[in-house]
Amino acid sequence: MVLTLTACSGAAEPPTSPEISTSVNEQVTAPETENEQASEGTRPQSENFDLMTGEGNQSLTASLHQGEGFSLYVFEKFAFDAAEGRLFLSSNPEYYVDIESLPTNYDLTQLKAAGKKELEEFGEVSDFSGELVEHPLGSAELYLQTSSGEGINDYIVWQPETGDAFLFRLHNPKGEEASDFAGPVLVSLSTVQSDSK
């Protein structure tokens with residue numbers, strides 16, 4: 001699976017695909033685990049993920065963290081506030097994503113309208129829903145984004161194969177740490193799972 005990241009160039013042309021960070025190509029492979037056949041409801045305490053970065057192919061370990069009704073894998077340079085449902089870059093909390101569990105009867109049309117209204121304060125809203133084939137969150141039902149000189153903001157509705165849907169509000173300011181944040185955070189989000197009921 002290849003994830004292509006485009007640069008924040010500030011050009012007047014609208015982006016043709018979602019902007020993630022600075023120009024870094026990242027390749028993400030499925031987690032390496034000997035625990036594929038783990039009993040239902042249990043996840044290994046850590047997983048290894050291969051990411052292709054500007055420094056080459058790196059195998060990074062992520063630890064399992066528990067949120068309010070869900071769990072996800074978090075990489076070393078990140079911190080997770082379970083009470084707030086916020087995953088952020090340890091060195092700069094301005095780079096963050098808020099994770100919210102959605103009810104089973106959520107209304108995608110209402111979420112889309114709310115997302116557009118929320119993102120309009122940051123700039124023109126682009127809709128990439130259904131276009132993310134080679135992306136860790138390729139199955140996103142809704143993917144709205146604004147990109148400006150200030151950075152990138154995403155509003156994503158994503159449902160893992162394992163169950164309930166989630167809303168991700170991602171804030172990636174323009175700066176040196178943008179590429180450190182963008183690739184790993186999307187991989188972490190792709191590991192979000194509801195707790196077994």
Side-chain angles (χ1 to χ4, degrees), residues 1-5 15 17-21 26-33 35-44 47 49 51 62-75 78 80-88 96-119 125-146 152-172 181-197:
M1 189 184 297
V2 176
L3 168 62
T4 303
L5 306 176
S17 63
E19 293 189 50
I20 312 274
S21 72
E26 296 203 4
Q27 181 175 347
V28 180
T29 59
E32 300 167 4
T33 177
N35 224 346
E36 294 274 339
Q37 62 278 4
S39 61
E40 193 173 327
T42 62
R43 299 177 81 181
E47 289 279 5
F49 298 85
L51 279 78
S63 302
L64 187 65
H65 285 253
Q66 185 64 45
E68 299 286 333
F70 65 90
S71 60
L72 77 160
Y73 287 98
V74 176
F75 290 101
F78 288 79
F80 180 64
D81 182 333
E84 296 291 322
R86 178 169 284 193
L87 177 63
F88 57 94
Y96 67 86
V97 59
D98 289 330
I99 303 167
E100 178 184 331
S101 295
L102 291 172
T104 53
N105 61 344
Y106 67 92
D107 185 326
L108 195 61
T109 305
Q110 285 183 349
L111 286 168
K112 185 172 186 175
K116 282 188 175 178
K117 185 175 181 182
E118 195 173 299
L119 290 180
V125 180
S126 300
D127 187 345
F128 298 106
S129 306
E131 298 178 19
L132 306 171
V133 179
E134 296 178 352
H135 188 286
L137 300 176
S139 59
E141 289 187 89
L142 179 66
Y143 199 121
L144 303 177
Q145 183 178 86
T146 59
I152 298 166
N153 289 280
D154 293 331
Y155 186 96
I156 305 166
V157 174
W158 184 74
Q159 183 168 8
E161 294 175 8
T162 55
D164 300 330
F166 295 88
L167 172 61
F168 303 141
R169 290 180 173 94
L170 191 141
H171 183 67
N172 187 0
F181 174 74
V185 81
L186 292 173
V187 175
S188 285
L189 292 177
S190 73
T191 69
V192 172
Q193 283 185 16
S194 297
D195 293 342
S196 298
K197 295 176 182 172

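L170 approaches F181 most closely through the heavy-atom pair CD2-CE2, 3.9 Å. The heavy-atom pair separating V192 from W158 by the smallest distance is O-CZ3, 3.6 Å. Across all non-hydrogen atoms, the minimal contact from S190 to P136 is CB-O, 3.5 Å. Scanning both residues, L144 and G115, for their nearest heavy atoms gives CD1-C, 3.8 Å. Across L137 and I156, no two heavy atoms sit closer than the pair CD1-CD1, 4.0 Å. The shortest heavy-atom contact between A62 and F49 is CB-CE1, 3.8 Å.
For the side chain to side chain contact (heavy atoms under 4.5 Å, CB included) test, residues two or more places apart in sequence or in another chain that qualify with T146 are L119, F122, V125, N153. E100 meets the salt bridge (charged side-chain N to carboxylate O under 4.0 Å, His left out) test with R169; sequence neighbours excluded. Under the rule for a ring-ring contact (aromatic ring centres under 6.0 Å, His included), the partners of F166 that lie at least two apart in sequence or sit in another chain are F70. Residues forming a ring-ring contact (aromatic ring centres under 6.0 Å, His included) with Y96 (at least two apart in sequence, or on another chain): H171. Every side-chain hydrogen bond (donor to acceptor under 3.5 Å, both in side chains) that S71 has, sequence neighbours left out, goes to R43. Applying the salt bridge (charged side-chain N to carboxylate O under 4.0 Å, His left out) criterion to D98, with sequence neighbours excluded, gives R86. D107 is linked by a salt bridge (charged side-chain N to carboxylate O under 4.0 Å, His left out) to nothing, counting only residues two or more places apart in sequence or in another chain. Listed by chain and number, the residues in a side-chain hydrogen bond (donor to acceptor under 3.5 Å, both in side chains) with Q159 amount to none (sequence neighbours excluded).
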Might you work through the side chain to side chain contact (heavy atoms under 4.5 Å, CB included) test for V74 and S63, ending with a clear yes or no? CA-CA 5 Å; V74 176; S63 302; 5.7 Å; no

Walk me through it: do L108 and E141 pass the test side chain to side chain contact (heavy atoms under 4.5 Å, CB included)? CA-CA 8 Å; L108 195 61; E141 289 187 89; 4.1 Å; yes

Between L102 and D164, does a side chain to side chain contact (heavy atoms under 4.5 Å, CB included) hold up when you go through it step by step? CA-CA 7 Å; L102 291 172; D164 300 330; over 6 Å; no

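Looking at heavy atoms from C-beta onward, H65 lies out of side-chain contact with L87 at the 4.5 angstrom threshold.
Between Q66 atom CD and F80 atom CZ the span is 8.0 Å, to the nearest 0.5 Å. Here OG1 of T191 is found 8.0 Å from CG of L64. Values are rounded to the nearest 0.5 Å.
The side chain to side chain contact (heavy atoms under 4.5 Å, CB included) test with V185 singles out one residue from F75, F168, F88, F78, and that residue is F78.
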